[in-house]
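The next block holds one structure in the form of structure tokens; read it before the comments.
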Amino acid sequence: MEHKDVVILGAGAAGMMCAMTAAKRGRSVLLIDHADAPGEKIRISGGGRCNFTNVHAGPKNFISANPHFAKSALARYTPQDFIALVRRHNIDFHEKALGQLFCDGSSRQIITMLMTEMLQDGVEVRLSTDLQSISKNDGGFVVSTSKGDIQCGSLVVATGGKSIPKMGATGFAYQIAANFGLAVTETRPALVPLTLDPNNLEKLSPLSGIAIDVEVFHGKNSFREAMLFTHRGLSGPAILQISSYWREGDDITIHFQPETDFLAVLKACRQANGRQQVQTALQTLLPKRFAQYMVEEAALTAPLAELNDKALTAFANRLTAFKLRPAGSEGYRTAEVTLGGISTGDLDSRSMMAKAVPGLYFIGECVDVTGWLGGYNFQWAWASGYAAGLEA
Ligand code: FDA
């Protein structure tokens, strides 16, 4: 039977980082994937430019049953480490908003960089290979595939989560974990557009295509970014972010254009020109169709002079604390990531190894560590892949 020191399942971001790290230590490494190409999610990420890290990435940007779990790996492989790698490969990049780093060119450059690193250190990459079964023996693990069986001392599972099944996501890692007796926390689509019930959709879908700067709140969490009305409900970065915290039956609260003091503006307009309609006053501040919707919804048809402070305050409050109850989400079909996953309680935070199964590692999205939108999920993939690569 073929023998390798390390077999890694899944040639995504985490798997490739782990493979190159282990190979640099002199380990013989085989990387297996059922897809025809490595790093397909890297390719489509960041609108084709890959938001490959976030300079501000820290434990606070991740959701997990154990918020401390990610600390060790994130500290050992930082955004600066990945930036140094990108620089060594002469890949130009830029910072967009909020510390997010994107390639100037194509995200394929990141895949090429990882492939170059892996191949120069002798990693064997076996694509279009189906995984059939995994078993444990005295020598470690036997991985049975459509291209034969492999014996390995260390087995690293990096097959990602359930998001975008069309691209080959299978949730296979959770199955392996369960087979080896590891706990898996509830999984759900995250960083995903939210949908509306038919009643709200009828009212809001005419606004489809309008983007507004908002701060969106759920409980004690809030995100200040753009929001987009869609023909299914709500999307845009602010909504994707809050979707990771929102649960069915909960409201979200939206503060439209937080930098604008709507009450002060409306009072000033009333003083300057009392005959002006509220909608006209708002049109300079907000997209016209949205302003029209808000005014019609509040039935504020009188000119400003006829509206007292109480009426204007009530209307301004609608714009600063607009409550909405999403019906659901678009699900794994469009979710960027899977929330939840392999319980961190069963993994060693330094190496990502299963505490009860020496030699078995889980890295990347399949672990119950989920980043915010903005390059954090790749940083977790790099950091957890590196942590396992140093030990496997
Ligand atoms: P990943 O999913 O990348 O890799 C898993 C690999 O395992 C795949 O190659 C798959 O084919 C393989 N596999 C799965 N099941 C298998 C099986 N049964 N047998 C064999 N192989 C199997 N993040 C970020 O930080 N910045 C960004 O810009 C974006 N943008 C973005 C856009 C879109 C559209 C999506 C869907 C996601 C993002 N993300 C992102 C999230 C990011 O892509 C994600 O967090 C990482 O790809 C996770 O890396 P992993 O290596 O864990 O899994």
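Counting starts at 1 for both ligands and their atoms, following the listed order.
The closest non-hydrogen atom to atom 28 (O) of ligand 1, taken over T53, T338, N51, T159, comes from N51. Of all the listed residues (L373, I8, T170, L101), T170 holds the heavy atom that lies closest to atom 15 (N) of ligand 1. Of the candidates A158, G10, A335, A14, the one placing a heavy atom closest to atom 5 (C) of ligand 1 is A158.
The number of heavy-atom neighbours closer than 6.0 Å to CZ of R289, taken from other residues, nucleotides and ligands shown, is above 12. The number of heavy-atom neighbours closer than 6.0 Å to CZ of R350, taken from other residues, nucleotides and ligands shown, is 12 or below. Shown here is K288, whose NZ atom has no more than 12 heavy atoms of other residues, nucleotides or ligands within 6.0 Å.
For ligand 1, the atoms lying closer than 4.0 Å to a non-hydrogen atom of G364 are 52 (O). The ligand atoms of ligand 1 that sit less than 4.0 angstrom from a heavy atom of F172 are 18 (N). Under a 4.0 Å criterion applied to the non-hydrogen atoms of I164, ligand 1 contributes the atoms 36 (C). The ligand atoms of ligand 1 that sit less than 4.0 angstrom from a heavy atom of G168 are 14 (C), 15 (N).
Judged by distance alone, with hydrogens and angles left aside, the side-chain atoms of Q257 form a donor-acceptor pair with the main-chain N or O of L285 at under 3.5 Å.
A salt bridge links R270 and D309; the closest N-O separation between the charged side-chain nitrogens and carboxylate oxygens is under 4.0 Å. A salt bridge is absent between K162 and E365; no separation between the charged side-chain nitrogens and carboxylate oxygens falls under 4.0 Å. The residues R224 and E259 are annotated as salt-bridged, a charged nitrogen and a carboxylate oxygen being separated by less than 4.0 angstrom. We find that D348 and K355 are not joined by a salt bridge, their nearest charged nitrogen and carboxylate oxygen being 4.0 Å or further apart. Taking a cutoff of 4.0 Å between a charged side-chain nitrogen and a carboxylate oxygen, K41 and E336 do not qualify as a salt bridge.
Of the heavy atoms in V337, only side-chain atoms (C-beta onward) come closer than 4.0 Å to ligand 1.
Here the protein heavy atom with the shortest distance to atom 45 (O) of ligand 1 is N377 CB, 3.3 Å. Protein heavy atom in closest approach to atom 34 (C) of ligand 1: I44 CD1, 3.5 Å. Scanning the protein for heavy atoms near atom 44 (C) of ligand 1, the closest one is E365 OE1, 3.4 Å. For atom 19 (N) of ligand 1, the nearest non-hydrogen atom of the protein is L131 CD1, 3.2 Å. Counting only heavy atoms of the protein, atom 38 (C) of ligand 1 lies nearest to E336 OE1, 3.5 Å. Shortest contact from atom 53 (O) of ligand 1 to any protein heavy atom: G160 CA, 3.5 Å. Protein heavy atom closest to atom 46 (C) of ligand 1, with residue, atom name and distance, is F378 CE2, 3.7 Å. Among protein heavy atoms, the minimum distance from atom 11 (O) of ligand 1 is reached at D33 OD1, 2.7 Å.
Of the polar atoms of T129, none of the N or O atoms is found under 3.5 Å from an N or O of ligand 1, judged by distance alone. Of the N or O atoms in A13, one or more lie within a sub-3.5 Å distance of an N or O in ligand 1. Some N or O of G46 is nearer than 3.5 Å to an N or O of ligand 1, by distance alone.
Connectivity analysis of hydrophobic side chains (ILVMFWY, heavy atoms under 4.5 Å, direct or indirect) links I164 to I44, M167.
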Inset, instruction - Under the side-chain hydrogen bond (donor to acceptor under 3.5 Å, both in side chains) rule, what do Q109 and D92 come out as? Steps first, then yes or no, please. - result: CA-CA 10 Å; Q109 291 173 290; D92 293 329; over 6 Å; no
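Counting only residues at least two apart or in different chains, side-chain hydrogen bond (donor to acceptor under 3.5 Å, both in side chains) contacts with residues 164-176 are absent.
At least one heavy atom of G375 lies less than 4.0 angstrom from ligand 1.
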